[in-house]
Amino acid sequence: MLGPLAVLCALLFPAGLKLEQTPVVVGRLGTSATLLCTVDSSVYYIHWYFHKKFAAPKRLLYLDMSSSSVQRDTSVKAHKVNAKKGKDSYSCNLLVQKLEKSDEGVYYCACGWSGWYNKVLGPGTILRVTDKSANEDTSPKPTVFLPSISEIKIHKAGTYLCLLEDFFPEIIKVDWKEKNDQTVLQSQQGNTMKTKDTYMKFSWLTVTGASMDKEHKCIVNHESDRGGINQEILFPSINEGISSFQISVHSAWSREESKISRCLILSKSRTLLLILSLTVRAIAFLLVSSCVTALSFLPAWDMWLVGSFLGSHCE
């Protein structure tokens, strides 16, 4: 995607030259970053510009492609940036050294056939500086959301949603395809949002008709991809998914129904036991009370005989 400075220069100075740059480069604090610029024709000079957000772009240096000499602008320090001609004489590397957070921005290379001012700018390279370890996993972490049953039943359609979190840097590309097809489908993209020192993004795809019987995949292209292999997240077919869901719900309800029946049986048993226990206790209480009351009316000489009887019946 062309930066604002590149768009402006392309409009003012159209030309046949074609410049290519790496879209994004990530460097670690205190280390160096190399930014590549290639041209499709032989040129005399290649210039490098730095554009920081909310600031005017400034030129850093230019490289004489014939002598390989570098001429820096007056405000640029030699230990900070340098440029070297590539082996094929159609490329140039800008080296940004001792990286700091203030070095983040967009770096444009520019060149022209004749004249000092008529230049064509490349698309720009975004430089991001981080303190994360090179071994730290900065790839997008996906969470998938499947269509709701109400959407499928009422609208005869289904929406897949893919949430991508905790990735760095922010440059990311998300496409959707059917599992066994290479055609890129029309999808919706949310904005890339910053969360602390990483980023998040979501994308969704709505399918209808016969496509509801097919599996789909969300394809994620990010700077952290190992070996240039994109991450693919597979989504099940909607119709198959809802059938499986209904079966699982029915199975789950059967299990719950069985649990409820067992609980009701246990509850009834416990209730009967409680009633029986209370009844026994009431009878025992009445028996003891009646025994004690009867004792108070007996003559003293009969106490020993009754006491022997109570010893076996009223304890």
Nearest heavy-atom neighbours spanning K132 and R28: O-NE, 3.1 Å
Within-4.5 Å side-chain heavy-atom neighbours: P140 and S224: yes
- prompt: Under 30°, 30 to 60°, or over 60°: which ring-plane class applies to H216 and Y160, parallel, tilted or perpendicular?
  reply: tilted
Side-chain (K196) to main-chain (K194) donor-acceptor, under 3.5 angstrom: no
- prompt: Do P142 and Q231 touch side chain to side chain, with heavy atoms closer than 4.5 Å?
  reply: yes
- request: Please answer whether the main-chain N or O of K141 pairs with a side-chain N or O of E165 as donor and acceptor at a distance below 3.5 Å.
  value: no
- prompt: Do the side chains of C92 and W48 get nearer than 4.5 Å, heavy atoms only?
  reply: yes
- prompt: Does any non-hydrogen side-chain atom of V144 lie less than 4.5 Å from one of I233?
  reply: yes
L60: which of V96, L94, D73 passes side chain to side chain contact (heavy atoms under 4.5 Å, CB included): L94
- request: Drop me the distance from T143's OG1 to M200's CE, to the nearest 0.5 angstrom.
  value: 9.0 Å
message: Would you say that more than 12 heavy atoms from the other residues, nucleotides or ligands in this model lie under 6.0 Å from the NZ of K101, or not?
response: yes
Greater than 12 external heavy atoms within 6.0 Å of K98's NZ: no
message: Working to the nearest 0.5 angstrom, can you tell me the gap between L19 CG and K119 NZ?
response: 12.5 Å
- prompt: If you take all heavy atoms of S102 and F50, which pair is closest and at what distance?
  reply: O-CZ, 4.0 Å
query: Are T206 and T159 close enough that a side-chain donor and a side-chain acceptor fall under 3.5 Å?
result: yes
- request: Kindly give the heavy-atom pair with the smallest separation between K177 and V184, and that separation in Å.
  value: CE-CG2, 3.7 Å
- request: Would you please say whether a donor-acceptor pair under 3.5 Å links the side chains of E170 and T192?
  value: no
field: Distance-minimising heavy-atom pair for H79 and Q97
entry: O-NE2, 3.2 Å
- request: Would you name the heavy atoms of G190 and W204 that are closest together and state the gap between them?
  value: N-CZ3, 4.1 Å
query: When clusters are formed by joining ILVMFWY residues with side-chain heavy atoms under 4.5 Å apart, either directly or through shared neighbours, do V129 and L95 land in the same one?
result: no
query: Do L185 and M212 sit in the same hydrophobic cluster, where Ile, Leu, Val, Met, Phe, Trp and Tyr count as joined when their side-chain heavy atoms come under 4.5 Å apart?
result: yes
Nearest-0.5 Å distance that lies between atom OH in Y44 and atom SG in C111: 13.0 Å
- prompt: Do Y108 and L36 belong to the same hydrophobic cluster, where Ile, Leu, Val, Met, Phe, Trp and Tyr are linked whenever their side-chain heavy atoms lie under 4.5 Å apart, directly or via other members?
  reply: no
- prompt: Is K179 paired with E232 through a side-chain N to carboxylate O contact shorter than 4.0 Å?
  reply: no
L61 with V39, same ILVMFWY side-chain cluster at under 4.5 Å: yes
message: Working note: C162 + F235, criterion side chain to side chain contact (heavy atoms under 4.5 Å, CB included); need CA distance, chi angles, decisive distance, verdict.
response: CA-CA 10 Å; C162 184; F235 286 75; 4.1 Å; yes
task: Dump the intermediate steps for side chain to side chain contact (heavy atoms under 4.5 Å, CB included) on T34 and V25, then the final yes or no.
output: CA-CA 8 Å; T34 301; V25 170; over 6 Å; no
- prompt: Rounded to the nearest 0.5 Å, how far apart are CG of N191 and NZ of K201?
  reply: 6.5 Å
task: Dump the intermediate steps for side chain to side chain contact (heavy atoms under 4.5 Å, CB included) on C37 and Y107, then the final yes or no.
output: CA-CA 10 Å; C37 174; Y107 291 77; over 6 Å; no
message: Is it true that, when you exclude K52 itself, more than 12 heavy atoms of the residues, nucleotides or ligands shown sit nearer than 6.0 Å to its NZ?
response: yes
field: Minimum side-chain heavy-atom gap H47-L63 below 4.5 Å
entry: no
message: Does any part of the side chain of I172, heavy atoms only, come nearer than 4.5 Å to the side chain of F167, both counted from C-beta?
response: yes
- request: Hey, could you give me the OG1/CG distance between T183 and D175, rounded to the nearest 0.5 Å?
  value: 11.5 Å
query: Taking NZ, NE, NH1 and NH2 as the nitrogens, is one of them in E178 or K214 under 4.0 Å from a carboxylate oxygen of the other?
result: yes
task: Take L127 and L99, measure what side chain to side chain contact (heavy atoms under 4.5 Å, CB included) needs, and give me the verdict at the end.
output: CA-CA 10 Å; L127 175 62; L99 288 173; 4.0 Å; yes
task: Run the numbers on Q189 and S203 for side chain to side chain donor-acceptor pair (under 3.5 Å), then give the verdict.
output: CA-CA 5 Å; Q189 307 283 328; S203 175; 3.1 Å; yes
field: 4.5 Å side-chain heavy-atom contact, E100 and K80
entry: yes
field: Taking every non-hydrogen atom, the tightest pair across V26 and F168
entry: CG1-CE2, 3.8 Å
query: Are L35 and V70 linked, directly or through other ILVMFWY residues, by side chains that come within less than 4.5 angstrom of each other?
result: yes
- prompt: Are I126 and I171 close enough that some pair of their side-chain heavy atoms sits under 4.5 Å apart?
  reply: yes
field: Side-chain (D40) to main-chain (K18) donor-acceptor, under 3.5 angstrom
entry: yes
- prompt: Rounded to the nearest 0.5 Å, how far apart are CD of E20 and SG of C109?
  reply: 10.0 Å
